[in-house]
Amino acid sequence: MRRRHVLLIVILLALAALLAWAIWANGALTLTRVTLSSAEIPEEFRGFKIAHVSDLHNAVFGEGNRKLLSLLREAEPDIIAVTGDLVDSRHTDTAAALDFAARAAGIAPVYYVTGNHEARLDFASIEAGLAAAGVRVLCSEAVTLSRGGAEITLAGIDDPAFVKSGAPASERAAELMEGLIPPEGFAILLAHRPELVETYAAYGADAVLSGHAHGGQIRLPIIGGLYAPGQGALPKYDSGLYTVSGCSLIVSRGLGNSVFPLRINNRPELLLITLE
């Protein structure tokens, strides 16, 4: 056998192995732990845990999302925050999304904000299903979380795609943020798009939980993610913890896929955020 034929076979085998690994990794959930520290967090909330679910896109991990729900239970969160794109507008399965939401609500209180995919669908019926499942939908709303006599604010906004003004996304986000965050106390904002963090910070958010970037979809060592919607190539905010204008931004790599069917070097992620 000629040397070039051997080389071709080796290349094909390597590509097949890479594809098999990528397919396995797309279903291999990982739990990432993040500590959110601030002197503004009341002592009573030290150790408070938030499970952050983002960009599920109708993905199912085991029958009835058994694997994802098991990981949530093991994390023992105080609350679960869902930051949009629970459903996918291209292959929508509302029943599967609502079933997951109802089961998650049996683990801990669930708070939810919309993503851009919900804006493309009949969200009124989805919202009704979420409410029936025991999920608190935050549409430019803020709630007070209490623990040991202390309080913090949890706020959420719709994705700017719900505002049909034609203005830039940052201006639509500002409209949704107007008067949302109280002037006193520590405030966590649930908002789908991380690239608008400057707007969130300007309107008083101390911390923001976001998704949308899918971790850059394809991740390379040192470089990080290659592309994210709303940010383009080599996105600035693709995964992990950032500090922007005094605001802590935590970006989930998300769980599901949308246009591109595979994540490369980018396992689906459940975040567990501990306040300190």
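Keep in mind that the numbers below use all heavy atoms, side chains included, and drop hydrogens, waters and symmetry copies. If you read the sequence from its start, that first residue is 1, and numbering goes on from there.
Clustering ILVMFWY residues whenever any of their side-chain heavy atoms sit less than 4.5 angstrom apart, transitively, puts Leu196 in the very cluster that holds Val251. Transitive grouping of hydrophobic side chains (ILVMFWY, heavy atoms separated by less than 4.5 Å) brings Val110 and Leu31 into a common cluster. In the hydrophobic clustering of this structure, Val113 does not group with Val135; members are Ile, Leu, Val, Met, Phe, Trp, Tyr whose side-chain heavy atoms approach within less than 4.5 Å, directly or through other members. A chain of hydrophobic side-chain contacts below 4.5 Å, direct or via other Ile, Leu, Val, Met, Phe, Trp or Tyr residues, connects Val53 to Ile107. Leu130 and Leu154 end up in different hydrophobic clusters when Ile, Leu, Val, Met, Phe, Trp and Tyr side chains are linked at under 4.5 Å.
At distances below 3.5 Å, at least one donor-acceptor pair connects side-chain atoms of Asn265 with backbone N or O atoms of Arg219. Put simply, the side chain of Arg46 gets close to the backbone of Glu276: a donor and an acceptor are under 3.5 Å apart. Using modelled atom types, no side-chain atom of Glu74 and backbone atom of Leu72 make a donor-acceptor pair closer than 3.5 Å. At least one donor-acceptor pair under 3.5 Å links the side chain of Ser210 to the backbone N or O of Ala191. The backbone N or O of Ala95 lies less than 3.5 Å from no partner atom in the side chain of Asp99, so there is not a single donor-acceptor pair. Put simply, the side chain of Arg267 gets close to the backbone of Leu29: a donor and an acceptor are under 3.5 Å apart. A donor-acceptor pair under 3.5 Å is formed between the side chain of Gln231 and the backbone N or O of Lys236. With hydrogens and angles disregarded, a donor-acceptor distance shorter than 3.5 Å links the side chain of Arg172 to the backbone of Ala167. In this structure a side-chain-to-backbone donor-acceptor pair under 3.5 Å is present from Ser38 to Glu40. Distance alone, capped at 3.5 Å, is enough to place a donor-acceptor pair between the Asp93 side chain and the Ala96 backbone.
Looking at Gln217 and Tyr227, their side chains never come closer than 4.5 Å, going by heavy atoms from C-beta outward. A 4.5 Å side-chain heavy-atom check between Glu127 and Cys139 finds at least one atom pair inside the cut-off. Looking at Leu234 and Leu226, their side chains come closer than 4.5 Å, going by heavy atoms from C-beta outward. Proximity of Arg136 to Leu138: side-chain heavy atoms (C-beta onward) are separated by under 4.5 Å at one or more points. Using a 4.5 Å cut-off on side-chain heavy atoms (C-beta onward), Asn266 and Ile264 make no contact. The shortest distance between side-chain heavy atoms of Leu189 and Tyr203 does not fall below 4.5 Å. Taking the side chain as every heavy atom from C-beta outward, Glu118 and Leu121 never approach each other to under 4.5 Å. Between Tyr111 and Glu141, every side-chain heavy-atom pair lies at or beyond the 4.5 Å cut-off.
Checking each of Ile79, Ile273, Leu36, Thr274 against Phe48 for a side-chain contact (heavy atoms from CB on, under 4.5 Å) leaves exactly one that passes, namely Ile79. With Ile188 as the fixed residue, the side-chain contact (heavy atoms from CB on, under 4.5 Å) test singles out one of Ile41, Ile50, Leu145, Asp206: Ile50.
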Thr114/Asp158 under side chain to side chain donor-acceptor pair (under 3.5 Å): CA gap, chis, key distance, verdict:
CA-CA 5 Å; Thr114 56; Asp158 274 326; 2.8 Å; yes
Does the pair Leu56 and Phe100 meet the rule for a side-chain contact (heavy atoms from CB on, under 4.5 Å), with working shown?
CA-CA 10 Å; Leu56 188 60; Phe100 165 74; 4.0 Å; yes
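Scanning all heavy atoms of the two residues, the minimum distance from Leu180 to Gly156 falls at CD2-O, 4.0 Å. The shortest heavy-atom contact between Gly129 and Leu98 is C-CD2, 3.7 Å.
Going from atom CG of Leu255 over to atom NE2 of His52 covers 9.5 Å, rounded to the nearest 0.5 Å.
With no hydrogens or angles considered, a side-chain donor-acceptor pair links Asn257 and Arg263 at under 3.5 Å. Under the 3.5 Å distance criterion, with hydrogens and angles disregarded, no donor-acceptor pair is assigned to the side chains of His91 and His57. Defined by atom type and a distance below 3.5 Å, a donor-acceptor pair is present between the side-chain atoms of Ser54 and Thr83. Side-chain contact annotation: Asp88 with Ser258, donor-acceptor N/O pair under 3.5 Å present. Asp85 and His212 share no donor-acceptor pair across their side chains, judged by distance under 3.5 Å alone. In summary, the side chains of Thr32 and Glu269 do present a donor paired with an acceptor at a separation below 3.5 Å, with no hydrogens or angles considered.
The aromatic rings of Phe123 and Tyr112 lie parallel to each other, with less than 30° between the two planes, well short of the 60° mark.
The pair Asp238-Arg253 does not count as a salt bridge, with every side-chain nitrogen at least 4.0 angstrom from each carboxylate oxygen.
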